[in-house]
Participant: 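First, the structure itself, so that you have it in front of you.
What you see is a predicted model; the values in this text were computed from it and never measured.
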Amino acid sequence: MSGHDSKYFTTTKKGEIHELKEELNSQYKDKKKDAVKKVIAAMTVGKDVSMLFTDVVNCMQTENLELKKLVYLYLINYAKSQPDLAILAVNTFVKDSQDPNPLIRALAVRTMGCIRVDKITEYLCDPLQRCLKVDEDPYVRKTAAICVAKLYDINAELVEDRGFLETLKDLISDSNPMVVANAIAALAEIQESSSNLIFEITNHTLFKLLTALNECTEWGQVFILDALSKYKAKDARDAENIVERVTPRLQHANCAVVLSAVKVILQQMELITSTDVVRNLCKKMAPPLVTLISAEPEIQYVVLRNINLIVQRRPSILAHEIKVFFCKYNDPIYVKMEKLEIMIKLASDRNIDQVLLEFKEYATEVDVDFVRKAVRAIGRCAIKLERAAERCISVLLELIKLKVNYVVQEAIIVIKDIFRRYPNMYESIIATLCENLDTLDEPEAKASMIWIIGEYAERIDNADELLESFLESFPEETAQVQLQLLTAAVKLFLKKPTEGPQQMIQVVLNNATQETDNPDLRDRAYIYWRLLSTDPEAAKDVVLAEKPTINDDSNMLDPSLLDELLANIATLASVYHKPPDAFVSRVRPSTTRNEEDEEYENGQDAGPGDSSAPIPETTTTAAPTASTPSSTASARPSSQPGPLPPVAPVADLLGDLIGLDNALVPVSQPATPAPSGPPLPVLLPASAGQGLQISGMLVRRDGQIFYSLQFDNNTQTPLENFMIQFNKNTFGLAAAGPLQVPMLQPGGVANTLLPMVLFQNVAPGPPSALLQVAVKNNQQPVWYFNDKIQLQALFVEDGRMERTTFLETWKGLPDSHEVSKELPNAVINNVDQTIEKLASTNLFFIARRLLKDTNQEVLYLSGKVPPSIPFLVELTAVIGFPNVKCAVKTPSLEMAPLFFEAIEAILK
């Protein structure tokens with residue numbers, strides 16, 4: 001509507017529907033057009049005008065393009081609620097799709113594609129086929145291409161049966177670049193919602209796309225660049241040719257085109273072997289990225305989030321441009337925070353002086369959060385750059401002298417980390433830190449200062465006096481501070497076993513065991529008490545053990561996740577720094593296809609053959625342990641601690657579950673009965689759980705991960721209000737909701753399925769199957785036990801590959817990414833049953849072949865675990881005999897041991 005059409009939105013007359021009905025049936029065209037505009041205005045502001053459906057549809061028979069557009073807009077909105085009446089418009093649609101005016105032809109096809117009514121979809125096919133194949137106007141063809149994607153979303157089977165996918169692929173060879181771009185966009189959209197391989201770029205289509213790239217509109221260029229980013233070049237020369245054709249897009253005015261071009265270049269650079277070419281490409285990518293940073297704040301933020309990913313992979317691109325990330329006074333806080341992160345990543349020995357001057361300036365700003373981040377940034381630079389650590393500490397000391405409370409506290413927090421990174425190097429500054437004890441009021445700052453006093457108690461003459469100043473408020477302190485005070489007091493006692501520290505440790509232990517409700521604090525106090533009362537030398541070995549130095553990996557992403565995010569540059573994934581699957585749920589159409597046991601035509605291409613790659617050692621988790629003192633331990637200790645009952649070994653879970661009472665979610669709903677099946681493994685035996693036995697394991701149901709748990713109450717009292725928490729683990733598994741267990745009567749048993757989510761609390765370091773769990777109820781202390789992450793519960797439903805994709809992926813992965821292992825406890829008795837069993841765990845059959853000389857069956861399978869880590873599998877076995885050889889190729893080789901465990905468990 002034009003600007004003067006706003007009058008249609010201002011009417012408030014009563015009886016308006018009746019008047020509109022009369023006007024819609026008027027014989028005057030202008031009156032009819034005004035009536036339709038009023039209907040659209042009413043519809044836009046939320047009024048129900050569906051009762052005028054028949055009258056509006058009658059207005060379709062017109063040559064006026066504006067009126068026709070308005071009627072089509074009304075149809076799209078109300079066709080779903082009036083499907084029977086919408087059929088009346090079909091004849092007009094079909095007629096309009098053959099109109100001499102290309103705008104009307106395109107409008108008809110576009111509208112039919114937007115009306116999501118099955119009855120109309122059937123009539124859409126013939127006009128759409130005609131517009132795709134024989135229409136002379138490129139505008140109609142490009143509109144029809146997008147319509148195929150919409151039709152696929154409504155009825156995928158119909159699109160495949162009528163050959164629309166092949167027609168779309170033919171459009172890639174169209175003479176008009178916009179038709180090519182829209183065909184690519186439609187195929188990409190269809191591929192997103194399909195589990196089968198729909199479209200793959202070949203050498204022929206690659207040439208067509210690169211040719212169209214120079215001539216189509218900016219959004220067409222984005223579609224084509226996104227498709228090119230998924231293309232794997234054959235060799236370095238092929239990659240260089242692609243990069244050469246894409247590089248001019250870096251000069252484009254549209255930031256989406258620039259970022260998409262960067263994405264393609266980064267992907268292809270992985271294959272380019274010439275260091276000169278790589279260096280030149282890095283130089284060419286820097287100026288456009290720098291230019292984007294001078295855009296509006298919202299665009300700046302998106303670009304900075306993408307740059308954050310890029311510099312983690314290739315810091316050399318912007319290594320000389322650190323000044324452009326210096327914060328301006330009028331930058332929004334979210335832009336400033338991102339710039340700080342990037343400056344830390346780009347900081348080096350060459351530019352650290354400039355960076356520290358900037359950070360020091362930021363530490364005097366008015367925004368408290370920004371100041372804290374700036375102070376932390378100084379500490380992270382010290383941890384990252386050893387040669388610059390002394391300069392960083394000098395800056396921190398200068399900031400402490402300013403006596404600004406939150407600056408001092410943040411400085412103490414980061415200095416504690418510096419001490420951990422460089423032990424026995426900068427302890428001379430402890431005296432300066434101790435001067436500011438009275439100003440500390442934040443828990444983290446207090447905990448850091450207490451850690452420093454305890455760690456260096458032998459070098460601080462009045463360490464006991466300093467700790468005593470904190471002890472006065474021990475009951476009111478947070479759990480974080482109480483835990484540090486407890487540990488620091490033990491360290492002081494072990495380092496200076498004199499009368500003062502001895503009295504202090506007694507007071508702290510009494511407070512921690514008798515005056516607190518925090519189970520973590522109480523448990524740690526009992527452990528220290530038993531160590532000190534049974535074997536002080538062992539206590540020294542444990543408490544005063546040499547600590548591993550720390551590295552600043554707080555903002556570095558896992559390599560496999562970084563690869564996935566770099567492949568999604570210029571999308572929301574690169575802004576959220578999460579894989580698309582973490583925040584977008586796609587409903588894939590259910591497609592059935594027959595699996596045939598065919599052999600590959602060429603046995604050599606079928607798989608890896610006999611692999612002798614080294615196998616990483618598979619780590620096994622310890623037996624489940626309970627780490628809670630027995631009932632006798634809760635008796636009030638005497639002034640001279642005597643020997644206490646022995647305690648089971650405690651995992652490092654204690655430190656990570658600080659504040660457990662506040663973190664756990666109370667039960668509010670009845671338990672979900674667990675499905676019948678084999679008995680669950682016992683995780684906490686009744687003997688260790690004071691009569692409570694907990695069994696459980698991870699399972700997968702309907703695409704969702706659950707923790708199947710069983711609780712057996714062998715005590716004499718009812719147990720209720722169960723809560724659960726998971727420690728950091730390789731896959732970031734955490735509870736998606738409360739643990740739903742009703743009151744458990746003596747002798748009672750309760751089963752529940754706890755829904756789980758991924759990547760909530762990821763543990764750093766190499767992958768591990770260890771899952772540490774804490775469970776508590778109102779009548780008992782917290783129970784800690786270990787479980788094993790069964791990888792088969794994590795296999796996702798979209799891990800199926802086409803055979804050609806499997807072969808190309810296998811060949812595309814280097815031989816160093818292949819590993820094999822003999823599985824002595826695995827056996828294949830029946831191939832068909834084994835294939836069915838593996839498919840039920842989302843390991844999908846690709847092909848099989850028989851090795852006649854050894855009478856061995858070879859099966860090829862594919863699977864995938866989050867975040868999108870594929871596994872290409874070859875199983876070799878003699879039917880009916882134990883010992884299966886498993887070879888696997890995956891980009892994430894460190895996951896292989898977990899995969900072997902899963903396969904052996906499935907085939908056991």
Participant: If you count the non-hydrogen atoms of other residues, nucleotides and ligands that lie under 6.0 Å from NZ in K540, is the total more than 12?
Facilitator: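 Incorrect, the count does not exceed 12.
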Participant: Does K908, at its NZ atom, have more than 12 non-hydrogen atoms belonging to other residues, nucleotides or ligands within less than 6.0 Å?
Facilitator: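 For K908, atom NZ is not crowded (no more than 12 foreign heavy atoms under 6.0 Å).
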Participant: In Å, rounded to the nearest 0.5 Å, how long is the span from CG of L771 to CG of L733?
Facilitator: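 Reported value, rounded in 0.5 Å steps: 6.0 Å.
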Participant: Identify the two heavy atoms, one from T730 and one from V762, that lie closest to each other, and give their separation to 0.1 Å.
Facilitator: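 So the two residues come closest at O-CG1, 3.6 Å.
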Participant: Roughly how far apart are E476 CD and Q482 CD, rounded to 0.5 Å?
Facilitator: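 These two atoms lie 9.0 Å from each other.
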Participant: What is the minimum heavy-atom distance between A389 and Y422, and which atoms define it?
Facilitator: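 The pair with the smallest heavy-atom distance is CB-CE1, 3.6 Å.
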Participant: Taking atom types as modelled, is there a side-chain donor on D369 or Y406 under 3.5 Å from an acceptor on the other?
Facilitator: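 Distance-only check fails for D369 and Y406.
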Participant: Checking N462 side chain against E465 main chain: does a donor-acceptor pair fall under 3.5 Å?
Facilitator: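 Not confirmed, N462 side chain does not pair with E465 backbone.
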Participant: Quiz question: by atom type and distance under 3.5 Å, do the side chains of Q409 and D441 form a donor-acceptor pair?
Facilitator: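 There is such a pair (donor and acceptor under 3.5 Å, judged by atom type) between the side chains of Q409 and D441.
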Participant: Is the shortest distance from a Lys or Arg side-chain nitrogen in E341 or K373 to a carboxylate oxygen in the other one below 4.0 Å?
Facilitator: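 Yes, charged N to carboxylate O under 4.0 Å.
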Participant: State whether the number of non-hydrogen atoms from other residues, nucleotides or ligands found under 6.0 Å of Y576 atom OH is greater than 12.
Facilitator: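 It does not: Y576 OH has 12 such atoms or fewer within range.
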Participant: Do T513 and Y528 have side-chain heavy atoms sitting under 4.5 Å apart?
Facilitator: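 With C-beta onward as the side chain, the pair stays apart.
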Participant: State the CG-CG distance between L467 and L492, to the nearest 0.5 angstrom.
Facilitator: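 L467 atom CG to L492 atom CG measures 6.0 Å (nearest 0.5 Å).
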Participant: Going by heavy atoms in the side chains, are Q725 and V782 under 4.5 Å from each other?
Facilitator: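 They are not in side-chain contact.
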Participant: Indicate yes or no for a side-chain donor-acceptor contact from S469 to the backbone of L466 under 3.5 Å, with no hydrogens or angles considered.
Facilitator: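 Such a contact is found between S469 side chain and L466 backbone.
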Participant: In the structure I gave you, are the side-chain heavy atoms of F474 and E515 within less than 4.5 Å of one another anywhere?
Facilitator: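 The answer is no; the side chains never approach within 4.5 Å.
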Participant: So, taking the atom named CD1 in I400 and the one named CD1 in I415, what distance separates them when rounded to the nearest 0.5 Å?
Facilitator: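 Interatomic distance, I400 CD1 to I415 CD1, rounded to 0.5 Å: 4.0 Å.
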Participant: Would you check if I527 and V542 make a side-chain contact, meaning some heavy-atom pair closer than 4.5 Å?
Facilitator: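 They are not in side-chain contact.
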Participant: Are more than 12 heavy atoms, taken from residues, nucleotides or ligands other than N424, located less than 6.0 Å from that residue's CG atom?
Facilitator: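 Buried by this count: over 12 neighbours within 6.0 Å.
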Participant: Indicate yes or no for a side-chain donor-acceptor contact from E444 to the backbone of I413 under 3.5 Å, with no hydrogens or angles considered.
Facilitator: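 Such a contact is absent between E444 side chain and I413 backbone.
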Participant: Drop me the distance from M756's CE to F726's CZ, to the nearest 0.5 angstrom.
Facilitator: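 The CE atom of M756 sits 3.5 Å away from the CZ atom of F726.
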Participant: What pair of heavy atoms forms the shortest contact from A539 to L531, and how long is it?
Facilitator: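 Heavy-atom minimum between the residues: CB-CB, 3.9 Å.
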Participant: Between E442 and R372, is there a side-chain N and carboxylate O pair less than 4.0 Å apart?
Facilitator: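 Looking at E442 and R372, the cut-off is met.
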Participant: For N518 and R524, test the side chains for any donor-to-acceptor distance below 3.5 angstrom and give the result as yes or no.
Facilitator: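 Checked: N518/R524 side chains show no N/O donor-acceptor pair below 3.5 Å.
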Participant: Heavy-atom count around Q716 CD within 6.0 Å, excluding the residue itself: above 12?
Facilitator: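 Atom CD in Q716 is not crowded, with 12 or fewer foreign heavy atoms closer than 6.0 Å.
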Participant: Which pair of heavy atoms, one from E720 and one from Q779, lies closest together, and at what distance?
Facilitator: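 So the two residues come closest at N-OE1, 3.0 Å.
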Participant: Kindly say whether L754 contributes a backbone atom to a donor-acceptor pair with the side chain of T752 at under 3.5 angstrom?
Facilitator: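 Pair absent, no side-chain N/O of T752 close to backbone of L754.
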Participant: I'd like to know whether D558 forms a side-chain hydrogen bond (donor to acceptor under 3.5 Å, both in side chains) with S560, so could you lay out the CA-CA distance, the side-chain angles of the two residues, the decisive distance to 0.1 Å, and finally the verdict.
Facilitator: CA-CA 6 Å; D558 180 80; S560 58; 2.4 Å; yes
Participant: Between V407 and V375, what is the shortest heavy-atom contact and its length?
Facilitator: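 Nearest heavy atoms, V407 then V375: CG1-CG2, 4.3 Å.
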Participant: Taking K496 for the side chain and P501 for the main chain, is one N or O donor matched with an acceptor at less than 3.5 Å?
Facilitator: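 Between the backbone of P501 and the side chain of K496 there is no qualifying donor-acceptor contact (under 3.5 Å).
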Participant: With a 4.5 Å cut-off on side-chain heavy atoms, are L739 and F711 touching?
Facilitator: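 They are in contact (side-chain heavy atoms under 4.5 Å apart), so the answer is yes.
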Participant: Would you find a donor on one side and an acceptor on the other, under 3.5 Å apart, between the side chain of D787 and the backbone of F785?
Facilitator: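 Flag not set: sc D787 to bb F785 has no pair under 3.5 Å.
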Participant: So which atom in R421 and which in I550 form the shortest heavy-atom distance, rounded to 0.1 Å?
Facilitator: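 Nearest pair, atom of R421 first, then I550: CD-O, 2.6 Å.
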